[in-house]
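Throughout, protein chains are lettered first and strands after them, A, B, ... in sequence-line order, and every chain is numbered starting at 1. Quick note: numbers below take in every heavy atom, side chains included, and nothing from hydrogens, waters or symmetry partners.
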There are 2 protein chains.
Amino acid sequence: MLKEERKQIILNEVMVHNRVLLTDIAELVKVSIDTARRDIKELHDEKKLKKVHGGAISLGFYNHNVQDKNVYSIEKKLQIARKATGLLKSGQVVLLSGGTTNMELARVLPPGLAITCFTPSLAVASQLLAKQNVEVILIGGKLSKDSQIAVGGTAINMLSEIKVDVCFLGTNSIDSGQGLTEFDWEIVQMKKAMIRAAKKIVAPVISEKLNTVQRYKICNIEDVDVLITELAPEDKALESFRDKNIVIL
Amino acid sequence: MLKEERKQIILNEVMVHNRVLLTDIAELVKVSIDTARRDIKELHDEKKLKKVHGGAISLGFYNHNVQDKNVYSIEKKLQIARKATGLLKSGQVVLLSGGTTNMELARVLPPGLAITCFTPSLAVASQLLAKQNVEVILIGGKLSKDSQIAVGGTAINMLSEIKVDVCFLGTNSIDSGQGLTEFDWEIVQMKKAMIRAAKKIVAPVISEKLNTVQRYKICNIEDVDVLITELAPEDKALESFRDKNIVIL
DNA sequence: ACCAGTATTGCAATTTTTTGCAGTAATAAT
DNA sequence: ATTATTACTGCAAAAAATTGCAATACTGGT
């Protein structure tokens with residue numbers, strides 16, 4: 001097998017699944033892990049994909065900065081995203097915050113699902129545009145450089161004029177005592193506005209973020225209706241959330 | 001066997017299988033590996049296939065992921081973008097429509113330039129985010145699936161509340177008689193609103209779009225202050241625009 | 001037909017590239 | 001902090017590319 005062929009196969013794999021593990025490549029194209037790593041390095045240098053710990057992920061056009069450091073957390077986010085799509089029904093109006101978990105959610109929305117999605121995130125909007133049956137409405141405003149979502153008065157204003165069925169609120173930190181917290185003040189204001197704009201709040205959270213606290217508070221844990229992690233609902237890491245009147249998935 | 005015959009057979013093999021190994025060629029056309037290598041080198045130089053370590057692969061196969069099918073127009077857009085950046089000064093507030101030319105403009109903005117940019121385009125916004133000194137403000141609204149820019153009432157409303165120094169208005173068709181035209185009604189409305197929101201209109205246009213007309217009208221040619229093409233200002237293709245009180249760059 | 005000049009081809013010596021491995025450093029999860 | 005996984009580095013064997021060279025075939029003009 002020619003090296004260029006291998007690289008093509010790898011690239012294809014990344015396109016389809018958004019990620020690929022080194023061990024999978026080695027298996028797929030029958031080379032050693034080292035060679036697979038070198039191939040990925042070349043593709044990375046050619047800017048065809050992004051090399052990360054454990055493999056590679058696709059180089060979304062809009063996610064230059066918003067990206068993961070390893071492939072395993074993507075796997076977890078995928079599990080979370082799959083659980084989250086189960087909550088959606090055609091005809092609903094949905095609000096998606098930013099973050100990689102919501103990007104993954106946007107990516108795995110079933111093609112048939114016809115919903116309206118509001119989002120202040122470039123990356124999420126970009127993923128949603130690929131879905132034929134999803135109407136995408138961008139929340140405008142000043143773009144925060146690092147999180148790549150619209151923030152500030154304009155955005156909050158726009159949010160104040162809508163009421164959606166459900167909001168998928170990505171969050172950096174969640175704690176059964178302190179609730180949801182965030183380190184960026186502007187984003188906190190956005191998320192508060194998003195909560196006000198939604199009838200129901202779903203928090204998709206990767207388990208690493210459980211029981212961590214940041215500087216500024218978004219809301220109490222009781223304000224969240226559904227908590228989704230990649231863990232089984234009966235996992236003991238979720239114990240402290242069990243008596244909070246939250247649905248845990 | 002004649003060399004041209006061999007080359008034809010090799011080319012055919014590449015067409016059919018997307019790839020060929022040197023050893024296979026040597027076998028197939030009964031020549032030494034060295035000659036096979038030379039044949040491939042010639043075909044490579046003739047741009048009939050891509051020579052790689054160990055053999056060759058078809059250009060189509062290789063280019064599948066290289067999206068720049070239109071290398072020349074990218075070069076032209078770059079030239080236009082460079083001219084356009086010359087119009088900008090730090091401190092200005094700018095409005096960028098969508099389109100690949102404006103994306104290119106966003107991409108080549110000098111790092112030192114400190115401006116504020118409004119845009120309804122995901123792609124342009126994403127490019128602008130990479131610039132440290134540029135404040136990016138996203139125009140929100142319903143996203144048009146094909147052009148990937150925000151359109152509709154919300155977006156137009158937001159535009160009605162701003163007045164920018166200059167608007168770079170990408171356009172699909174420009175004609176010295178019919179003015180600027182577009183085939184998508186919603187985008188026409190957006191561009192009209194963008195014109196109202198700007199003190200000065202700059203139209204970056206690739207020369208292929210000169211003297212073409214589409215279904216719906218955006219504005220008269222006189223509403224444009226500066227026309228930028230990749231051509232020299234004295235080029236005869238620009239003749240009909242010369243008496244319209246427009247600056248041509 | 002002859003000859004000088006040119007192109008093609010195969011071969012051998014040399015250099016470069018690729019690949020897997022082993023030891024070590026770095027990273028992520030518990 | 002510890003452990004398991006993954007990444008990086010240098011190395012050596014194998015494969016392929018390059019180069020120079022000689023033998024052969026072909027070309028155009030005489």
Side-chain angles (χ1 to χ4, degrees), chain A residues 1-11 13-14 19-46 49-57 67-80 100-101 172-175 205-212 229-232 234-240, chain B residues 1-11 13-14 19-46 49-57 62:
Chain A
M1 168 120 48
L2 295 169
K3 186 172 74 166
E4 294 298 326
E5 280 185 277
R6 284 200 318 261
K7 284 166 70 175
Q8 202 64 43
I9 290 169
I10 293 167
L11 212 45
E13 193 69 10
V14 170
R19 74 186 163 285
V20 66
L21 278 66
L22 278 174
T23 51
D24 289 347
I25 297 174
E27 172 79 16
L28 193 66
V29 297
K30 309 282 184 221
V31 289
S32 70
I33 301 268
D34 302 75
T35 302
R37 187 174 286 118
R38 280 186 267 243
D39 286 348
I40 278 187
K41 181 173 188 318
E42 283 184 27
L43 288 165
H44 175 95
D45 293 343
E46 294 165 18
L49 47 71
K50 184 167 168 78
K51 179 171 158 314
V52 292
H53 194 97
I57 58 182
Q67 246 171 14
D68 293 272
K69 287 189 288 296
N70 70 65
V71 286
Y72 306 109
S73 66
I74 293 185
E75 184 57 41
K76 293 177 188 171
K77 281 165 188 170
L78 178 61
Q79 291 179 265
I80 295 171
T100 45
T101 308
N172 267 308
S173 297
I174 186 165
D175 181 86
V205 182
I206 204 162
S207 64
E208 293 144 24
K209 293 173 178 174
L210 293 173
N211 301 311
T212 61
T229 72
E230 84 278 12
L231 306 171
E234 57 275 12
D235 195 291
K236 96 177 201 301
L238 292 162
E239 214 159 80
S240 58
Chain B
M1 168 132 32
L2 295 170
K3 187 169 73 163
E4 289 304 321
E5 281 185 86
R6 285 200 318 262
K7 282 167 73 173
Q8 198 55 52
I9 290 170
I10 293 167
L11 212 44
E13 191 68 11
V14 170
R19 65 148 212 185
V20 68
L21 303 175
L22 277 174
T23 51
D24 290 345
I25 298 175
E27 173 80 14
L28 194 67
V29 296
K30 309 283 184 218
V31 288
S32 71
I33 300 269
D34 303 74
T35 303
R37 215 190 302 281
R38 285 173 185 131
D39 288 347
I40 277 188
K41 183 174 188 321
E42 285 184 24
L43 287 164
H44 174 95
D45 292 343
E46 295 164 19
L49 48 70
K50 166 98 179 166
K51 179 173 163 303
V52 297
H53 195 98
I57 58 180
Y62 188 75

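With sequence neighbours excluded, no residue forms a salt bridge (Lys or Arg N to Asp or Glu O under 4.0 Å) with B/Glu27. A search for salt bridge (Lys or Arg N to Asp or Glu O under 4.0 Å) contacts involving A/Arg37 returns nothing, not counting sequence neighbours. By the salt bridge (Lys or Arg N to Asp or Glu O under 4.0 Å) test, A/Lys30 is found to be paired with no residue, residues two or more places apart in sequence or in another chain being considered. The side-chain hydrogen bond (donor to acceptor under 3.5 Å, both in side chains) test applied to B/Thr23 returns no partner, not counting sequence neighbours.
A/Lys209 has its NZ atom 16 Å from the C1' atom of C/dA29, to the nearest Å. Look at CD on A/Glu208: it is 17 Å from P on C/dT27, rounded to the nearest Å. In this structure, CG of A/Leu22 is placed 15 Å from C1' of C/dA26, rounded to the nearest angstrom. Look at CD on A/Glu4: it is 15 Å from P on D/dA16, rounded to the nearest Å. If you take CZ of A/Arg37 and P of C/dA26, they are 15 Å apart, rounded to a whole angstrom.
Contacts of A/Lys41 with the nucleic acid, taken as non-hydrogen atoms under 4.0 Å apart, are absent.
Between A/Ile9 and A/Glu13 there is no side-chain heavy-atom pair separated by less than 4.5 Å. By the 4.5 Å heavy-atom criterion applied to side chains, B/Val14 and B/Arg19 are not counted as neighbours.
When all heavy atoms are compared, the tightest approach of A/Glu230 to A/Gln79 is O-NE2, 4.0 Å. The heavy-atom pair separating B/Ile33 from B/Ala26 by the smallest distance is CD1-CB, 4.0 Å.
Taken over five-pair windows at either terminus, the axes of the helix from C/dA1-D/dT30 to C/dT30-D/dA1 are inclined to one another by 50° (rounded to 10 degrees).
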With sugar-phosphate taken as primed atoms, P, OP1 and OP2 and all else as base, the protein-contact string of nucleotides 11-20 of chain C at under 4.0 Å (heavy atoms; B, S, -) is BB----SSBB
